[in-house]
Amino acid sequence: MPKLVRLYITQVAIGFGIAGAFVAMLLWFNIANLWHLVTHSDKGLLAVVVLWFANGIVFAGVQFAIAIMRMKDDDDDEPRGGHRQGVMAREYMAIPVRVDDRCRPAPRR
C-alpha cells in the first residue's frame with residue numbers, strides 16, 4: 001500500500017476516534033439536554049450515529065490536513081525571496097494649470 005494511502009487511512013481513523021470522544025463528551029455532559037433527547041426517543045441511536053459520522057468527517061479532514069501540513073521539507077537551506085528589484089523613487093512636482101477667468105467661480109461673501 002502506498003505511504004500516502006496508509007497515512008490517509010491512519011489519519012481518518014484518528015479523526016473518527018476523536019469524533020467518537022467528542023460525541024461521548026457531548027452526551028456525558030448533557031450539552032443542550034442531548035442525553036435526555038437520545039435516551040427518550042426511538043430514533044436516538046440513529047441520531048448518535050449520524051452525529052458521530054458527521055463530526056467524524058470533519059475531524060478526519062482536519063486531522064489529515066494537519067498531518068499533511070506538518071510534512072515540511074527540512075533541507076531548505078538556500079536563500080529565499082527571489083531577486084528583488086529596487087523601488088522606483090517618485091518625485092512629485094506641482095504642474096501649473098491655466099484657468100480662464102470666465103470659468104472661475106465668484107468668491108463667497
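Numbers here are sequence positions counted from 1.
Hydrophobic clustering (ILVMFWY, side-chain heavy atoms < 4.5 Å, transitive): Leu51 and Phe53 are in one cluster. A single hydrophobic cluster is not seen to contain both Met69 and Val62; linkage of ILVMFWY side chains at heavy-atom distances under 4.5 Å, directly or through other members, places them apart. Under the 4.5 Å side-chain contact rule for hydrophobic residues, Phe59 and Ile57 share a cluster. Criterion: ILVMFWY side-chain heavy atoms under 4.5 Å apart, direct or through other members. Under it, Val50 and Val38 are not part of a common hydrophobic cluster.
In the hydrophobic clustering (ILVMFWY side chains linked at under 4.5 Å, chained through shared members), Ile9 is joined by Met1, Val5.
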The test is side chain to side chain contact (heavy atoms under 4.5 Å, CB included); show your working for Tyr8 and Leu4 and say whether it passes.
CA-CA 6 Å; Tyr8 181 73; Leu4 186 61; 5.7 Å; no
Could you tabulate the donor-acceptor pairs under 3.5 Å formed by side-chain atoms of residues 13-31, not counting sequence neighbours?
from: Asn30; atom 1: OD1; to: Leu34; atom 2: N; distance (Å): 3.2
from: Asn30; atom 1: OD1; to: Trp35; atom 2: N; distance (Å): 3.0
from: Asn30; atom 1: ND2; to: Asn33; atom 2: OD1; distance (Å): 3.4

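Contact annotation: the side chain of Leu7 approaches that of Gln11 to within less than 4.5 Å [non-hydrogen atoms, C-beta and beyond].
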